[in-house]
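In what follows, a structure is listed as structure tokens, so that the remarks can point back to it.
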Amino acid sequence: MDKAICEFSEKLTIEPSSIEQKDIEKLKKKGLDDQGITDAVETAAYFNYINRIADGLGVDLEDWMK
């Protein structure tokens, strides 16, 4: 299930307009319900958002992240 969520999240990040019903169905076949899919989408969206804010403002990585 984790691999399916990661693949979905990557597609959502790189090509969000390419998400299709078959992508949702793949997650359902792996055991996610509607709430789990919503959680996955919101999590990916949040990390994309916050990374773009940090990149746009030129925020440096913490020393432990280099």
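Because only heavy atoms are used, hydrogens play no part in the values below, and waters and symmetry mates are left out as well, while side chains stay in. What you see is a predicted model, and the numbers here were worked out from it, not measured in a lab.
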Closest heavy-atom pair, D23 versus S18, reported as atoms and distance to 0.1 Å, is OD2-O, 3.7 Å
Heavy-atom neighbours of E10 CD exceed 12 at 6.0 Å:
no
Here the pair of heavy atoms bringing A4 nearest to L27 is O-CD2, 3.7 Å
In short, side-chain hydrogen bond (donor to acceptor under 3.5 Å, both in side chains) pairs touching residues 30-41 with sequence neighbours left out are K28-D34, Q35-D39
Value for CD1 (I24) from CG (L32), rounded to nearest 0.5 Å, stands at 10.0 Å
Return a table of donor-acceptor pairs under 3.5 angstrom between the side chains of residues 49-60 and protein atoms on other chains or two or more places apart.
| from | atom 1 | to | atom 2 | distance (Å) |
| --- | --- | --- | --- | --- |
| N51 | ND2 | F47 | O | 3.0 |
| R52 | NH1 | N48 | O | 3.0 |
| R52 | NH1 | N48 | OD1 | 3.4 |

CD (E25) and CD1 (I37) are apart, to the nearest 0.5 Å, by 7.5 Å
When every non-hydrogen atom of P16 is compared with those of T13, the smallest separation belongs to CD-O, 4.0 Å
Of all heavy-atom pairs linking A40 and S9, the shortest is O-OG, 4.4 Å
Between the OG atom in S17 and the NZ atom in K11, the distance rounded to the nearest 0.5 Å is 9.5 Å
